[in-house]
Structures are given as C-alpha cells and as structure tokens.
Amino acid sequence: MAKPLIDLHLHTYYSDGTFTPEQVAAAAEEMQLAAISLTDHDTIEGCPRLAKACAERDIEFIPGTELSVDIDGHEMHLLGYFLDTDNEQLVHETSRYQQNRTDRVLGLVNQLNEMGVGLSADDVFNLAKCKAPGRPHVARALVKEGFCGSTDEAFSRFLRKGAPAWVPKVNADYREGIKLIHQAGGLAVMAHPGLNKIDHLIPEMVQAGLDGLECWHTRHPKSTAKRYREMADRYGLIITGGSDCHGAGRGHPLIGTVRVPYEILENMKRRLPSPNSLLN
Ligand code: AMP
Ligand code: ZN
Ligand code: FE
Ligand code: FE
C-alpha cells in the first residue's frame, strides 16, 4: 500500500486562495491525502468549515494559520499548527493582523493612483470579499479593471517587492507571533525559509521558542529541503511541509504535489504540550 501523505500548507478564499474550504477538501480527497492543514494568511476563519468538510471525507484536519511577522526589518511567515480556533486572544490578535493587511492595500492603491493607475480600494475589497486581503487581490483587481493583462504582469510592473507601487506591510514582531501561537495551544513553524534570506536569524527564532522549519515546499528544491532538515536536526526543531496551494491557478492545483509523509504529523503531535500530546 502507498504510504499516506499529508499537505500542511494550504490557502482558501478566506485569504488569497481561490478555493472554498469544500473545494480544498474535495481536492485533498482526490489526491488521497490522509491529513491536511489550512494555513490562510493572518486568519483562522476558514478552519471550522474545512474541519467539517474533512470530517465528511475521513481526512484528518489540523487547524492552522500563516502569520506575517517582522524580524530585524524582514517580513517572514510563521505557520501555526494545532490551534484552538476559539482562543480569544488568537481571534482578537488576528483581527489586528487583518487590519494591517487592509491598511497595506490602501497604501498600494494610493501608490497606484499616484502613478496614474485609476484602481480604487473598493475594486480590491469587493473582489477580495475577505478580512485578510493581500497583493494577489490587488493583482486580480488590476486585471479585472483592465489595467494589466495578467496577475504576473501586475506583480512584475507594480506589486513585487521593489516595484513602483510596492509598500511594506506593518507586521507584529516575530516573538509576539510565536507567543500568540503558543498560548493558543499551537506549534510555531517558520514557513518556506528558502524564500527568505534570513538563515542567520534562525538561532534567534529558536531562542524565542520556534518549534520547527518548513522543509518541503513547492519552491524548495531538494537541496534546500535537505539543508533545512539538517538545520532542524542541529537546533532540535521539528520539520514540516506543504504545497502552499492557492487554488487551481493555470492548471492543476498544487495540493498534494509536495510529498510529505504522515510520520511528520506524528512527530509534530509528540512536540505538543500535554494534554494534547496523546497520539490518536
Ligand atoms: P502579501 O501577503 O499581500 O504581501 O502577498 C503575498 C502573496 O502574494 C504570496 O503568498 C504569494 O501568493 C503572492 N505573490 C508574491 N509574489 C508574487 C509574484 N511575484 N507573483 C505572483 N504572486 C506572488
Ligand atoms: Zn498567499
Ligand atoms: Fe508564505
Ligand atoms: Fe502560504
């Protein structure tokens, strides 16, 4: 029998993904995944719906999120796993992260307007229809309103870091993010470290309580995954992985295409503080 596989990095339309939670569950079933986690940017809102859709398909579901935080002037993404989605502080604090996203969209639109691109903030918010809007929504709105031919063009002309309409997002400090995840019963994992150039800051994160590194990711070549597995070993961190699927995109969705074995989830459960540490 084939080894059971999991995908611990997925997005829905509660942030910048395009799938509904039910579409994610259906795609996970099609890929025969044993377990998945929802890690929408700065929100846990989609988790109850995806938990239900997974239960109906006998797929194990891990409530998660992907927080945008700052470390030493760099933005990084912090994954939270096994979160209590009713945790009051988590619900309250993520609404602040969402406000930072909304403010950032206003900043991007303002820059676009300064450049003579007549996109309105409502064009973006009406398209995003979620509390955690981001640059992909601005890109889609630029296409919808006829300012760009594709979202790729929108990023390369206007939105990528360093492009003329780019503005930074105000983020919480990474230590706050780690604490927020921990007090909600979760594990804090650095997302796609290969996409950040901040390996030298990983020891500081470990000091602050970081639990793990996301080693397998769509944009990590094999050698990168190996490097972070070795680093995780050195620092006593757990390793995780996921596709970072945002929907169907141009072709087949990415969900399940990064091969992460189920044992990874068992190791994560062992890392949880009791009483959650009981394996099921
Ligand atoms: P934000 O969190 O608003 O800064 O947006 C980041 C998201 O935009 C990432 O999760 C990616 O899904 C997407 N993204 C970032 N850079 C690009 C790019 N160059 N082209 C297309 N999508 C991108
Ligand atoms: Zn995203
Ligand atoms: Fe990310
Ligand atoms: Fe992501």
Side-chain angles (χ1 to χ4, degrees), residues 7-19 24 36-44 46-47 62 64-71 74-81 94 97-109 111-112 121 124-125 127-128 130-143 148-172 174 177 188-198 213-220 240-250 253-255 257-258 260:
D7 191 329
L8 300 178
H9 193 150
L10 301 167
H11 295 274
T12 65
Y13 71 177
Y14 282 94
S15 67
D16 59 6
T18 57
F19 278 164
V24 169
I36 60 169
S37 179
L38 179 60
T39 54
D40 266 322
H41 298 283
D42 301 322
T43 183
I44 44 170
C47 289
I62 315 301
T65 190
E66 181 177 15
L67 300 179
S68 298
V69 294
D70 276 355
I71 180 163
H74 305 266
E75 178 174 308
M76 65 169 269
H77 290 173
L78 195 60
L79 297 161
Y81 291 114
T94 47
Y97 285 66
Q98 290 157 21
Q99 186 60 49
N100 290 339
R101 287 190 159 271
T102 300
D103 292 345
R104 205 275 188 101
V105 168
L106 294 171
L108 292 166
V109 168
Q111 286 293 109
L112 286 164
V124 181
F125 296 135
L127 178 146
C130 73
K131 294 179 187 162
R135 281 181 294 162
H137 296 116
V138 179
R140 288 172 213 157
L142 282 166
V143 173
C148 292
S150 68
T151 53
D152 279 350
E153 183 193 329
F155 267 94
S156 62
R157 271 177 67 196
F158 300 120
L159 302 173
R160 78 185 144 74
K161 189 172 180 182
W166 183 84
V167 292
K169 184 157 82 246
V170 172
N171 294 317
Y174 74 104
V189 173
M190 184 190 186
H192 43 65
L195 306 190
N196 294 90
K197 299 284 171 277
I198 54 171
L213 296 176
E214 185 177 52
C215 295
W216 296 287
H217 182 272
T218 300
R219 291 175 61 196
H220 280 182
T240 73
S243 65
D244 210 352
C245 177
H246 280 72
R250 282 191 211 90
L254 292 171
I255 181 170
T257 57
V258 173
V260 182

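Note that the structure is a prediction, hence the values are computed from the model and not measured. Just so you know, ligand 1 is whichever comes first in the structure, and atom 1 is the first atom listed for that ligand.
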What residue and atom, counting heavy atoms only, is the protein's closest point to [atom], and at what distance?
atom	value
atom 8 (O) of ligand 1	Pro136 CG, 3.3 Å
atom 10 (O) of ligand 1	His41 NE2, 3.4 Å
atom 16 (N) of ligand 1	Phe155 CE2, 3.5 Å
atom 9 (C) of ligand 1	Asp16 OD2, 4.2 Å

Do Asn171 and Ser68 pair up side chain to side chain, a donor and an acceptor below 3.5 Å, judged on atom types alone?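 There is no such pair (donor and acceptor under 3.5 Å, judged by atom type) between the side chains of Asn171 and Ser68.
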For Asp16 and His246, test the side chains for any donor-to-acceptor distance below 3.5 angstrom and give the result as yes or no. yes
Only residue of His9, His11, His192 satisfying ring-ring contact (aromatic ring centres under 6.0 Å, His included) with His77 is His192
Which option, Glu153, Arg101, His246, Glu66, owns the non-hydrogen atom nearest atom 2 (O) of ligand 1?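 Ranked by closest heavy atom to atom 2 (O) of ligand 1, first place is Arg101.
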Filtering His192, Arg135, His77 for the heavy atom nearest atom 4 (O) of ligand 1 leaves Arg135
Is [X] reaching over with its side chain to a backbone N or O of [Y], donor-acceptor style, under 3.5 angstrom?
X	Y	result
Glu214	Val189	no
Thr12	Gly17	no
Asp40	Tyr13	no
Gln98	Asp42	yes
His137	Gly134	yes
Tyr81	Leu8	yes

Neighbouring protein N, O or S atoms of the Fe ion (ligand 4) [cut-off: under 2.8 Å, no waters]: His9 NE2, His11 NE2, Glu66 OE1, Asp244 OD1
Give the atom numbers and elements of ligand 1 that come within less than 4.0 Å of a heavy atom of Gly134.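 Those of ligand 1 that fall under 4.0 Å from Gly134 are 3 (O).
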Can you name the atoms of ligand 1, numbered from 1 with element, that are less than 4.0 Å from a heavy atom of Arg104?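 Counting from 1, the qualifying ligand atoms are 1 (P), 3 (O), 4 (O).
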Let me see the working for Ile36 and Leu10 under side-chain contact (heavy atoms from CB on, under 4.5 Å), right down to the final yes or no. CA-CA 8 Å; Ile36 60 169; Leu10 301 167; 3.7 Å; yes
Between Thr151 and ligand 1, find which residue part has any heavy-atom pair under 4.0 Å and reply side chain, backbone, both or neither. neither
Which segment of Arg160 sits under 4.0 Å of ligand 1 when only heavy atoms are counted: neither
For a side-chain hydrogen bond (donor to acceptor under 3.5 Å, both in side chains) check, start with the C-alpha distance between Thr218 and Asp244, then their side-chain angles and the critical distance, and finish with the verdict. CA-CA 7 Å; Thr218 300; Asp244 210 352; over 6 Å; no
Sub-4.0 Å protein heavy atom near atom 21 (C) of ligand 1: yes
Should Lys169 be listed as contacting ligand 1, given a heavy-atom distance under 4.0 Å as the test? yes
Find the distance between CG (Leu213) and NE2 (His220) and round it off to the nearest 0.5 Å.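 Going from the CG atom of Leu213 to the NE2 atom of His220 covers 9.5 Å.
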